[in-house]
Asker: 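Here it is, the structure in full.
In this text the structure is predicted, and so the values were computed from the model without any measurement. Labels below follow one simple rule: chain letters A, B, ... track the order of the sequence lines, proteins then strands, and each chain is numbered from 1.
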Amino acid sequence: MDSEDYVELVLTCVERVPPARVTTYGAIAEAVGEVYGGGGPRQVGRVMSQHGGAVPWWRVVHADGSPPTCHDGTARQAYLAEGTPWRPSGRVDMDTAFWRPAPPATMAP
DNA sequence: AATATGACTGTCT
DNA sequence: AAGACAGCCATAT
């Protein structure tokens with residue numbers, strides 16, 4: 001299991017998140033960590049910072065449902081376009097939109 | 001090898 | 001509600 005694999009697992013989880021749904025760094029870390037062992041929210045964040053441009057990164061939010069970092073304006077547009085439950089507080093409605101990522105199970109037949 | 005850093009999270013003030 | 005503090009884990013210097 002290489003760090004490259006970890007990246008693939010994380011990106012896969014993000015891609016599995018359906019439209020109008022979001023997940024959190026911690027949830028991804030938990031799902032990926034199940035098959036990878038170790039890992040943590042920070043590692044997920046690191047992966048996103050480097051490879052996030054290749055996936056719908058706006059479907060990955062903080063534990064409180066607020067958008068990741070900059071581009072928060074862009075993220076808001078994406079949520080609006082996808083119909084993601086938006087809260088007037090300026091964050092995603094976690095109770096409705098939260099998606100629990102499924103562990104890719106190492107994807108090794 | 002030790003220290004610093006980061007797209008994190010939970011708890012306390 | 002917003003900021004401070006402390007855990008956590010992999011990389012970079």
Asker: I need the CZ-P distance between A/R46 and B/dG6, as an integer number of Å.
Answerer: 13 Å
Asker: So how far is it from A/E4 CD to A/L9 CG, rounded to the nearest 0.5 Å?
Answerer: 11.5 Å
Asker: Nearest whole Å is fine: how far is B/dA7 P from A/W57 CH2?
Answerer: 14 Å
Asker: Which distance, rounded to the nearest 0.5 Å, do you find between the CZ of A/R16 and the CD1 of A/I28?
Answerer: 12.0 Å
Asker: Is the count of non-hydrogen atoms from other residues, nucleotides or ligands lying under 6.0 Å from A/W99 atom CH2 greater than 12?
Answerer: no
Asker: Over how many whole Å does the gap from A/Y25 atom OH to B/dA7 atom P extend?
Answerer: 9 Å
Asker: With rounding to the nearest 0.5 angstrom, report the CH2 to CZ distance, A/W86 to A/R91.
Answerer: 9.5 Å
Asker: Walking along DNA chain C from 5' to 3', note the first and the last nucleotide with an atom under 4.0 Å from a heavy atom of chain A, and give both.
Answerer: C/dG7 to C/dT11
Asker: Under the criterion salt bridge (Lys or Arg N to Asp or Glu O under 4.0 Å), which of A/R76, A/R21, A/R59 is the partner of A/E82?
Answerer: A/R59
Asker: With clusters defined by side-chain heavy atoms of hydrophobic residues (ILVMFWY) lying less than 4.5 Å apart, directly or transitively, does A/W57 cluster with A/V7?
Answerer: yes
Asker: Could you state the atom-to-atom distance from CG of A/D64 to C1' of B/dA7 in whole Å?
Answerer: 13 Å
Asker: If you find the nucleotide of DNA chain C closest to A/Q50 and the one closest to A/R42, which residue's nucleotide is nearer the 5' end?
Answerer: A/R42
